[in-house]
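Keep in mind that this is a model prediction, so the values were computed, not measured.
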Amino acid sequence: MKPVKEGKVREIYDNGDSLIMVATDRISCFDVILKNIVTKKGTVLTQMSRFWFDMTKDILPNHMISVDVKDMPEFFRKPEFDGNSMMCKKLKMLPIECIVRGYITGSGWASYQKDGTVCGIKLPEGLKESDKLPEPIYTPSTKAEIGDHDENISYEQSITHLEKYFPGKGREYAEKLRDCTLALYKKCADYALEKGIIIADTKFEFGLDENGNIVIGDEMLTPDSSRFWPADTYEPGHGQPSFDKQFARDWLKSNPDNDWTLPQDIVDKTIDKYLQGYEMLTGESLK
């Protein structure tokens, strides 16, 4: 079998009335696929999505059918697919990345320093880097092709963008995406904080099932799609250490002639952080 679609990290296979999404051990930073392989990373992503999908079924259905390769065609019953593969419902994906920010960091902090806003949303004066926002904010973006950058848009622009693809449904879908994004974030961020992890921001993707219902697709609250910070060392006023690919990002930024290749110790530190975050959140070791 050959993938019908390859993303920066995932490969998608057509399984007739379902899809099989395989999270590879590739790593991407700044929208570029690096030359390194990060062993076990794909399994962390798949199993963490499984954990959150199970937890949030009361808010919104998701696309997961099974993460057991015994439920998949024989092609997937091999060690390289075991643990990092998810059989999913087919969805018509909505062309918006649904980003929610509970803390001010990254591109949001850079924007706030310029004019006191993030994606057009006016924030209180005097915030420090990594401060918790009074309320989480919804900052959607358009989905770019591989190699291009996603473009931040306002909520009103998201209505217009969705209307282009789904005439007559733009406002309805935009409202539902915003409300579901915020509800999912609040539930999961509260849970994570009890486990010692701050979810500073994250992004969700949604699609329509065969009955036109909005369903969570893609991945959910993984270290690739979120910023996870340790709560015990949280201190506003500067950047925070994190359970994600921040090690990789920071090294690339400070070594501009990197040729998109990380040294092995940075790869090791990165996967250690992924595994530590997974174990803190789920309470289980990765099988």
With Y103 as reference, evaluate W109, W229, Y112, F228 under the ring pair (Phe, Tyr, Trp, His ring centres under 6.0 Å) test and give the passing residue.
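With Y103 as partner, ring pair (Phe, Tyr, Trp, His ring centres under 6.0 Å) holds for just one option, W229.
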
Should [X] and [Y] be counted in the same cluster of Ile, Leu, Val, Met, Phe, Trp and Tyr side chains packed under 4.5 Å apart?
X: L208; Y: I65; result: no
X: L221; Y: L275; result: yes
X: F53; Y: L286; result: yes
X: L182; Y: I216; result: yes
X: V215; Y: L60; result: no

Validation row: [X], [Y] side chains within 4.5 angstrom (heavy atoms):
X: I12; Y: P3; result: no
X: S141; Y: E151; result: no
X: T222; Y: S225; result: yes
X: I99; Y: T181; result: no
X: M64; Y: D54; result: yes
X: N152; Y: T139; result: no
X: I198; Y: K132; result: no
X: S49; Y: D218; result: no

Could you grab the distance from atom [atom1] of [X] to atom [atom2] of [Y], nearest 0.5 Å is fine?
X: I266; Y: L34; atom1: CD1; atom2: CG; result: 12.0 Å
X: I37; Y: T24; atom1: CD1; atom2: OG1; result: 6.5 Å
X: M1; Y: F81; atom1: CE; atom2: CZ; result: 9.0 Å
X: T270; Y: D265; atom1: OG1; atom2: CG; result: 9.0 Å
X: L162; Y: R171; atom1: CG; atom2: CZ; result: 11.5 Å
X: E129; Y: I104; atom1: CD; atom2: CD1; result: 9.0 Å

If you measure from the Lys or Arg side-chain nitrogens to the Asp or Glu carboxylate oxygens, is any gap between [X] and [Y] under 4.0 Å?
X: R26; Y: E11; answer: yes
X: K90; Y: D17; answer: no
X: R10; Y: E219; answer: yes
X: E175; Y: R178; answer: no

At their closest point, which heavy atom of [X] faces which heavy atom of [Y], and how far apart are they?
X: I20; Y: S85; answer: CG2-CB, 4.3 Å
X: D201; Y: R101; answer: CB-CA, 3.9 Å
X: C88; Y: M21; answer: SG-SD, 3.8 Å
X: V100; Y: P136; answer: CG2-CB, 4.0 Å
X: L262; Y: N36; answer: N-OD1, 2.7 Å
X: P95; Y: Y165; answer: CG-CD1, 3.5 Å

Can you confirm whether or not the ring centre of [X] sits under 6.0 Å from the ring centre of [Y]?
X: Y278; Y: F51; result: no
X: Y185; Y: Y138; result: no
X: F243; Y: Y274; result: no

Between [X] and [Y] (side chain of the first, backbone of the second, donor and acceptor by atom type, cut-off under 3.5 Å), is there such a pair?
X: S111; Y: G108; answer: no
X: E163; Y: T160; answer: no
X: D131; Y: K128; answer: yes
X: T261; Y: D259; answer: yes
X: K245; Y: S28; answer: yes
X: D71; Y: V67; answer: no
X: D209; Y: N211; answer: yes
X: N84; Y: A23; answer: yes
X: Q240; Y: P230; answer: no
X: D190; Y: K187; answer: no

Run the salt bridge (charged side-chain N to carboxylate O under 4.0 Å, His left out) test on D31 and K8 for me, step by step, so that the C-alpha distance in whole Å, both residues' side-chain angles and the decisive distance to 0.1 Å come before the verdict.
CA-CA 8 Å; D31 290 325; K8 291 188 276 281; 3.5 Å; yes

Candidate pair M72 and R77, rule side-chain contact (heavy atoms from CB on, under 4.5 Å), full reasoning
CA-CA 7 Å; M72 301 178 200; R77 294 174 210 161; 5.7 Å; no

For a side chain to side chain donor-acceptor pair (under 3.5 Å) check, start with the C-alpha distance between S66 and D68, then their side-chain angles and the critical distance, and finish with the verdict.
CA-CA 6 Å; S66 176; D68 188 341; 5.5 Å; no

Report the C-alpha separation of I96 and F206 in whole Å, then their side-chain angles, then the decisive distance to 0.1 Å, and conclude whether the side-chain contact (heavy atoms from CB on, under 4.5 Å) test is met.
CA-CA 8 Å; I96 294 277; F206 300 89; over 6 Å; no

Give the ring-plane orientation class for W52 versus Y191, where under 30° counts as parallel, over 60° as perpendicular and anything between as tilted.
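Because their plane-to-plane angle is over 60°, the rings of W52 and Y191 count as perpendicular.
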
Taking atom CD as the centre, does E284 end up with more than 12 heavy-atom neighbours from other residues, nucleotides or ligands that are less than 6.0 angstrom away?
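Counting neighbours around CD of E284, more than 12 heavy atoms of other residues, nucleotides or ligands fall under 6.0 Å, so yes.
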
More than 12 heavy atoms of other residues, nucleotides or ligands under 6.0 Å from CD of E125: is that the case?
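Atom CD in E125 is not packed in, count stays at 12 or less.
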
Assess K78 against F76: is NZ or CZ under 6.0 Å from the centre of the six-membered ring, and within 45 degrees of the ring's axis?
no

Going by side chain to side chain contact (heavy atoms under 4.5 Å, CB included), C188 matches just one of T202, L281, L193, T56. Which one?
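Of T202, L281, L193, T56, side chain to side chain contact (heavy atoms under 4.5 Å, CB included) with C188 is met by T56 alone.
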
What do the steps show when you test F204 against L177 for side-chain contact (heavy atoms from CB on, under 4.5 Å), and what is the final call?
CA-CA 9 Å; F204 301 111; L177 293 182; over 6 Å; no

Go through H161 and T142 one step at a time and tell me if the side-chain contact (heavy atoms from CB on, under 4.5 Å) criterion holds.
CA-CA 8 Å; H161 189 63; T142 57; 3.9 Å; yes

Using the salt bridge (charged side-chain N to carboxylate O under 4.0 Å, His left out) definition, which of the options D25, D272, D224 pairs with K41?
D224

